[in-house]
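Notes to accompany the following structure.
Proteins get letters first, then strands, A, B, ... in listed order; numbering begins at 1 in each.
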Amino acid sequence: MTDSFLPPELLRILFAAICAIVVVFGNALVMGYLERKFAGRFQRRPGPMEVGWQGLLQLAVDGVKLVGKQLVIPRQADKVLYRIAPIVSFAPAVLPLLVIPFSPKLQGRDFDIGLIFILAVVAINVLAILIAGWGSNNKYSLLGAMRSVAQNVAYEIPMLLTLLSVILVTNTFSLKGIVAAQEGLWFILVMPVAFLIFFVATVAETNRAPFDLPEAESELTAGFMTEFSGMGFSLFFMAEYTYMFIACSLTVILFLGGWHGPPLPYAEYTSALWFFLKVYFLLIVMIWIRWTFPRVRFDQLLNFCWKYLVPFSLVHLLVTAVVLKI
Amino acid sequence: MSTTPEFREHRYVLNMGPQHPSTHGVLRVILEMEGEYVMDPQPVLGYGHRMHEKMAESRSWPGFLPNAARMDYLASLIYNHGYVGVVERLAGIEATPRAEYIRVITSELNRLQSHLLWLGVLVLDLGAFTPIMYTFEDREKILDILEDVTGSRLTYCYMRVGGVVRDIDDKFIERTREYIKWQRSRMPMYDKLVTGNIIFRKRVEGIGEFTPDLARRYGLTGPVLRGTGVAYDIRRAEPYSVYPDFDFEIPTETGGDCLAAYLVRVREIEQSLRILEQALDRLPEGPFLAKVPKKIKLPAGDATYAVESPRGELVYHLTADGSEVPYRMKIRVPSFSNLSILPEVCRGMLLSDLCACMGSLDLVIPEIDR
Amino acid sequence: MESRDSVIAALQSLPAQVREVDFRQRGYHLEVWLEPERLRPFAELLRGGDFYLSFVSGLHVKPALEVSYQFANHAFACRILARVIVDAEHSLPTISDIFQGADWHERETKDFFGVVFRGHPNLKPLLLAEDMEDLKPLLKKDERLKDRAAVTRAEADVAEKTPAPAGGEEGA
Amino acid sequence: MIVYRYLAECIFFGFIALIFFGGLLTVRARLLMHAVLGLAVAFIGVAGLFFHLGSPFMAMMQVLIYVGAVCVMLVFGVMVGQAPTRTGQPRLTGHNRQLAAGSCGLGFVLLTATLVRTRWAAAAERVGDFSMQHLGESFLHRFVLAFELISVILLIAILGAIIIARSPEEKTPS
């Protein structure tokens, strides 16, 4: 029994929540900048250059612009749903950051079932996209939303199956435990196929090119985001980058050894550097893919999942189980 | 629409355009959809209709040239060429040899920039952003070259009855040669980045297939027709200007699908470069503008002049009544006929494939609407 | 049909009035005059001969509207310009079931000249707005112009014997 | 730890309120879509209760399956079925209203009877979360047959759904 008004555990969680929000905004800024700069470099142009040194402040300025923009609500839209959709998409994006172990000590809370927690919370995003698509009262939005559901439901399966392979090896749902299990050997070396399947599935789950069908701008104008402007749009935008960050964090935790790397002083905290380096490496790979490949077609997308990824991940799971038993 | 006997309940209507990223202008396509399948696409034209044919009847012979440039903003010089061609044919005026060479050179440059833009835009329609930046980089070089000699970047008004308005100089020739070298060095990159891309190929292979006979029924011309294996190019079939002097191939493919049209266009880039090289080598000396009366009066009668635009057969059909203005000017534009096949070919297709299909038709909407 | 001569023979047996013209002067090879009732057999003949329809166009001349059809062939150089005078009701049979591409061209001609194509499945305005059906912008409102056009047509008939005069004339 | 106690109480009643709010939204909504979303809110409330009662695994499953899958499927069904027409459902009228009231009353009576008649065993005081392990053991040892039977039934249901959905006509003209 302590006499303090607020127990330290609660303070810790509050602090972690604030940090998570900082990470969300910081990540959106960094990703926005990286995306533009890399896109620029891939396209033989400099990217943003005007605001700040090398265009560093461009994203901040864009943010101010988006916040200042009028929120246009289509007359025929379902006003309530239209308004809450970006919030429903954005709010759950913060929660997973509370359980991600950036370093042995930098973690909001170690959770026995951290992995399931992340998957459960992220699942709400699909609902948000559906609400957005339906609430806008626009056929393009609706089509985008429907594509999104089919895609997310389909790609969740190979993702979960490959994830199960890792769980079989580590015997824990705790993210910290999974990272700790990779002390000597990263799982990417043990299960390269699982890593590939998982990464492809996460690209699809985060609606990134070449699987960006829910917002395919050349077919559906902007899919479920068609009618959103100003803050509504920027919340979706930030949510998308946060989900990308979470997806890549998961990949790093599951396959790339989390915070493990060459030793650093004060490693319990500073090894977060390795974690972030790996995450941003994956994110840059995602950017690279986006600016290189055309978009796949809807039936190709689903065929790829059901005919290749699901069987492969099933076989992989089986092989893992057999090998472990032996 | 009238082609569907009854409106089925589980179908819904999707209005694509007049403002839509894949219609490339103010084209509107009313799509009757079943889920993601397009069951009945019906193009609605006329959003950019300016009645050029009527305007022609109130302008003097040279006065219509700027109008001709504004129909197809990607092939203005070829539209120039066709127009001066039909006036010269009816008036019995011969352009000087140097002028004809300059016309061919500038027309081919124009064709190249049109094909380059199309290449980028098609891939953009399929969801890849980067190639259009590369093609714009190439295209910019052509536009710079043409800007120096014609004075404008897009809606050129460069040709005149009897010749062209300005001569080309050594600098132009040198820059064009440099450009040819540059473009050749870029083609392997496009081969790798676009043609060899597995997703790209899967997106265009077998999409929007049609046969030579279907193409004939709809009056399709240009690369879309050549994609079905018919080597029909006005530059060869009814040679005009000095095209018979040059050695070039008519690329054809047999697939008849989007991929075939794509491959034909990409190979045409190389052929245009070949024509350019030969024309620059053989460019004759002499005046660039024939002696032409200031005010041209055409004899009564009619004449046709067909040229090969980047999109197909462009025909000017002119009826004169002996006065200073055309009595009737009919302009047959290739995209008009090419688009009319859309309802037939795209029935039962996925929405994404419709975008690919429209991209491979290479539509220029102001040309269709005139 | 493999050559221009066989096309001429086939057209003459239709029967239609065929005239070979100088390509260098006119830009097409054959000029054909048709009776309205011969239009569809003519189109079917060309359809069998693997021609394609280049365009359909109208021309406002003195006796009545004239509709011209231009066809060309992929296999050999043979561009045909067929002229048909519309009948008393300003109408002609459609050929859009023979050459599907004619669909839009006929609609356009209806827009600009008000020619009614009998049997056309969907003769709604194509390029003009729906409420502009009565505009017919390319009809000559000016009687004087129409007179001149009538002269034009007469001269074209005469030109059968004498080649068309060449060259412009010096302006003021 | 008095603060904890109060916080816990507040959160508990907060979740109860959420469930009621979601439930009310579900039954009062005139649009099917709103009803489903109300259901999602109620599910989240239930997940909160699970969490509160010391079974985070059940809570996560509640969110993952009921919110993330069942609700999404329902919404999907509504969107596909109702298409973009969004005229609300008409309010229940006389006959239907009586039927609804009757069935609700019956359900309430049955539930209450069950609640009252069950002899509730006091839950063991737990330290930590072993619900997951417990669940896993029951599924794969004690109830393995029932578990497998359910999966077979689900498989048959999915196959049936696919067959029904595909039967009317082949949509893709190859």
Side-chain angles (χ1 to χ4, degrees), chain A residues 35-36 38-47 133 137-151 200 203-204 207-223 225-226 287-304 307-308, chain B residues 11-17 19-24 30-33 35-38 120-138 140 186 189 192-207 349-359:
Chain A
E35 177 113 52
R36 288 177 175 202
F38 273 97
R41 290 296 164 195
F42 291 142
Q43 297 172 351
R44 293 170 55 101
R45 59 188 173 88
N137 193 12
N138 178 323
K139 285 170 196 158
Y140 289 111
S141 304
L142 199 66
L143 274 177
M146 294 212 216
R147 283 180 173 193
S148 152
V149 178
Q151 175 175 342
V200 170
V203 172
N207 300 337
R208 283 290 287 191
F211 307 115
D212 56 341
L213 286 117
E215 48 197 282
E217 74 300 310
S218 60
E219 298 150 27
L220 302 180
T221 59
M225 293 212 278
T226 305
I287 294 176
W288 185 11
I289 293 173
R290 171 169 178 192
W291 297 101
T292 307
F293 285 109
R295 187 179 307 111
V296 299
R297 210 170 51 206
F298 195 57
D299 53 330
Q300 294 169 342
L301 172 98
L302 292 184
N303 277 344
F304 181 60
K307 289 190 183 159
Y308 298 96
Chain B
R11 289 192 178 179
Y12 64 98
V13 172
L14 188 67
N15 187 22
M16 192 168 168
Q19 273 86 34
H20 187 281
S22 292
T23 55
H24 306 304
I30 298 178
L31 306 171
E32 210 177 291
M33 307 275 292
E36 286 241 353
Y37 288 94
V38 179
V121 166
L122 171 73
V123 188
L124 186 69
D125 279 349
L126 299 176
F129 295 80
T130 303
I132 194 171
M133 292 297 184
Y134 296 162
T135 60
F136 259 70
E137 194 185 349
D138 302 346
E140 207 64 13
R186 295 276 276 192
M189 185 206 43
K192 274 193 210 137
L193 182 67
V194 184
T195 320
N197 188 317
I198 173 100
I199 299 179
F200 173 80
R201 285 194 95 95
K202 292 272 175 204
R203 282 295 304 275
V204 291
E205 237 164 3
I207 303 300
M349 205 176 237
L350 277 167
L351 183 62
S352 324
D353 292 341
L354 181 87
C355 293
C357 217
M358 292 204 327

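Each of A/R147, A/R297, A/K139 was evaluated against B/E36; a single residue qualifies, A/R147, per the salt bridge (Lys or Arg N to Asp or Glu O under 4.0 Å) test.
Proximity of B/M358 to B/D125: side-chain heavy atoms (C-beta onward) are nowhere separated by under 4.5 Å.
Contact annotation for A/Q300: only side-chain heavy atoms (C-beta onward) come within less than 4.5 Å of a heavy atom of chain B. Proximity to chain A (any heavy atom under 4.5 Å) is restricted, for B/E137, to the side chain, taken from C-beta onward. For a residue to count as touching a neighbouring chain, one of its non-hydrogen atoms must lie under 4.5 Å from one of that chain's; by this rule B/L350 touches chain A with the side chain only. Proximity to chain A is limited to the backbone of B/L124, based on heavy atoms less than 4.5 angstrom apart.
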Taking distance alone, no hydrogens or angles, what donor-acceptor pairs closer than 3.5 Å link side-chain atoms of residues 198-207 of chain B to residues at least two apart or in another chain?
residue : atom : partner : partner atom : Å
B/R201  : NH1  : B/T195  : O            : 2.9
B/R203  : NH1  : A/R295  : O            : 2.7
B/R203  : NH2  : B/S352  : O            : 3.2

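The aromatic rings of A/F42 and A/W288 lie parallel to each other, their planes meeting at an angle below 30°, with 60° marking the opposite boundary.
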